[in-house]
Amino acid sequence: MPESPDLSKIDDVLNHYRGERGALIPVLQEAQSIYGYLPEEVLRRISSELNVPLSKIYGVITFYAQFYLTPRGKHVIKSCQGTACHVRGAKGVLESLTRELGVEPGGTTEDLRFSLETVACVGTCFLAPVIMIDEDYYGKLTPKRAIDALGKYSPNGEKDES
């Protein structure tokens, strides 16, 4: 069971937005920035402090793809599955990442090092097939080259520049 989040971290955000109309989404964005995702205890605190029903908060969170209810990895891998990438082998790249990381798309590794997502297009069709790790693009991939790209991200969560 994950340990309870430090709810005091959200106090400044709640104090800043208290009484402001339309504050829910900015508060959720800032809370997610603080915790990396939106733990239930944090949502209950937001509900109580902003006087917004928890059901409404969950409605907003589940509507917008930017919000996460489970912990995310230090590094987010986006595997492009668009037409150009698909034609040039994106399925094999995704399968190799899934095998290597031990998670399906939408999942996060147990060590919270990586989250794996599929996306429709990253807008770099000339590099197909492509993955993004955080803000970095890796293109013209083979399944092996995709796995090699993972090695550039050290276990402590930092990008290894060597």
Side-chain angles (χ1 to χ4, degrees), residues 1-3 5-6 9-10 13 17 22-43 46 54 56-162:
M1 185 92 175
E3 70 179 61
D6 177 358
K9 291 181 178 180
I10 190 91
V13 174
Y17 285 102
L24 182 58
I25 290 177
V27 168
L28 292 171
Q29 289 169 326
E30 290 193 38
Q32 183 166 279
S33 178
I34 291 167
Y35 298 100
Y37 72 109
L38 295 168
E40 183 177 351
E41 297 94 328
V42 171
L43 298 178
I46 291 169
L54 195 56
K56 180 176 181 175
I57 292 174
Y58 274 102
V60 169
I61 290 168
T62 57
F63 180 79
Y64 291 104
Q66 67 177 301
F67 295 120
Y68 301 98
L69 291 168
T70 57
R72 310 256 302 143
K74 293 270 187 205
H75 303 288
V76 177
I77 302 165
K78 295 178 181 174
S79 179
C80 184
Q81 300 299 300
T83 303
C85 287
H86 174 76
V87 169
R88 292 188 178 119
K91 182 179 179 188
V93 168
L94 180 60
E95 287 171 351
S96 71
L97 290 169
T98 298
R99 223 176 8 261
E100 179 72 15
L101 297 171
V103 296
E104 294 295 319
T108 298
T109 58
E110 282 188 26
D111 63 1
L112 298 179
R113 189 171 169 199
F114 294 106
S115 289
L116 179 62
E117 300 177 349
T118 58
V119 293
C121 186
V122 295
T124 56
C125 299
F126 64 98
L127 291 174
V130 177
I131 62 170
M132 286 181 68
I133 303 178
D134 302 330
E135 302 300 319
D136 300 320
Y137 292 84
Y138 297 90
K140 299 187 179 181
L141 293 173
T142 63
K144 182 187 180 325
R145 288 184 62 207
I147 300 308
D148 291 346
L150 299 179
K152 296 179 180 173
Y153 298 84
S154 68
N156 68 6
E158 301 301 318
K159 184 176 176 192
D160 183 0
E161 299 294 339
S162 58

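Hydrogens, waters and symmetry mates play no part in the numbers below; they use all other heavy atoms, side chains included. Keep in mind the model is a prediction, meaning the values are calculated, not measured.
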Of the non-hydrogen atoms in Y153 and I133, which two are nearest, and what is the gap between them?
-> CZ-CG2, 3.4 Å

Say you draw a straight line from OG1 of T109 to CG of L150; how long is it, rounded to the nearest 0.5 Å?
-> 10.0 Å

Say you draw a straight line from CG of L24 to CG of L28; how long is it, rounded to the nearest 0.5 Å?
-> 4.5 Å

Heavy-atom closest pair, residues T70 and Y37 = O-CB, 3.2 Å

With sequence neighbours left out, the residues meeting side-chain contact (heavy atoms from CB on, under 4.5 Å) with I34 are K9, I10, V13

Could you give all pairs that pass the ring pair (Phe, Tyr, Trp, His ring centres under 6.0 Å) test and reach residues 89-116, with sequence neighbours left out?
-> H75-F114

Of all residues at least two apart in sequence or in a different chain, which pass the side-chain contact (heavy atoms from CB on, under 4.5 Å) check with D148?
-> K144

4.5 Å side-chain heavy-atom contact, Y58 and L38 | no

Side-chain (Y17) to main-chain (G22) donor-acceptor, under 3.5 angstrom | no

Tightest non-hydrogen contact, residues L141 and A146, listed as CD2-N, 4.0 Å

I131 vs L94 side-chain heavy atoms within contact, under 4.5 Å = no

Distance from L101 atom CG to E110 atom CD, nearest 0.5 Å?
-> 12.0 Å

Which heavy atom in K140 sits nearest to a heavy atom in R145, and how many Å separate them?
-> O-NH1, 2.6 Å

Compare every heavy atom of Y35 with every heavy atom of D6, then report the nearest pair and how far apart it is.
-> O-OH, 2.6 Å

May I ask you to check whether over 12 heavy atoms, not counting those of E135, lie within 6.0 Å of atom CD?
-> no

Check residues 76-86 and write down every donor-acceptor pair under 3.5 Å in which the side-chain atom is one partner and the other belongs to a residue at least two apart or another chain.
unit_1 : atom_1 : unit_2 : atom_2 : d
S79    : OG     : Q81    : NE2    : 3.0

With the side chain counted from C-beta on, respond yes when K152 and Y138 share a heavy-atom pair under 4.5 Å apart, and no when they do not.
-> yes

Which pairs pass side-chain hydrogen bond (donor to acceptor under 3.5 Å, both in side chains) with one or both residues in residues 87-102, sequence neighbours excluded?
-> none

May I have the list of side-chain donor-acceptor pairs in residues 115-130 shorter than 3.5 Å, sequence neighbours left out?
unit_1 : atom_1 : unit_2 : atom_2 : d
S115   : OG     : G73    : N      : 2.7
S115   : OG     : T108   : OG1    : 2.7
E117   : OE2    : Y68    : OH     : 3.4
E117   : OE2    : R72    : NH1    : 2.8
E117   : OE2    : R72    : NH2    : 2.9

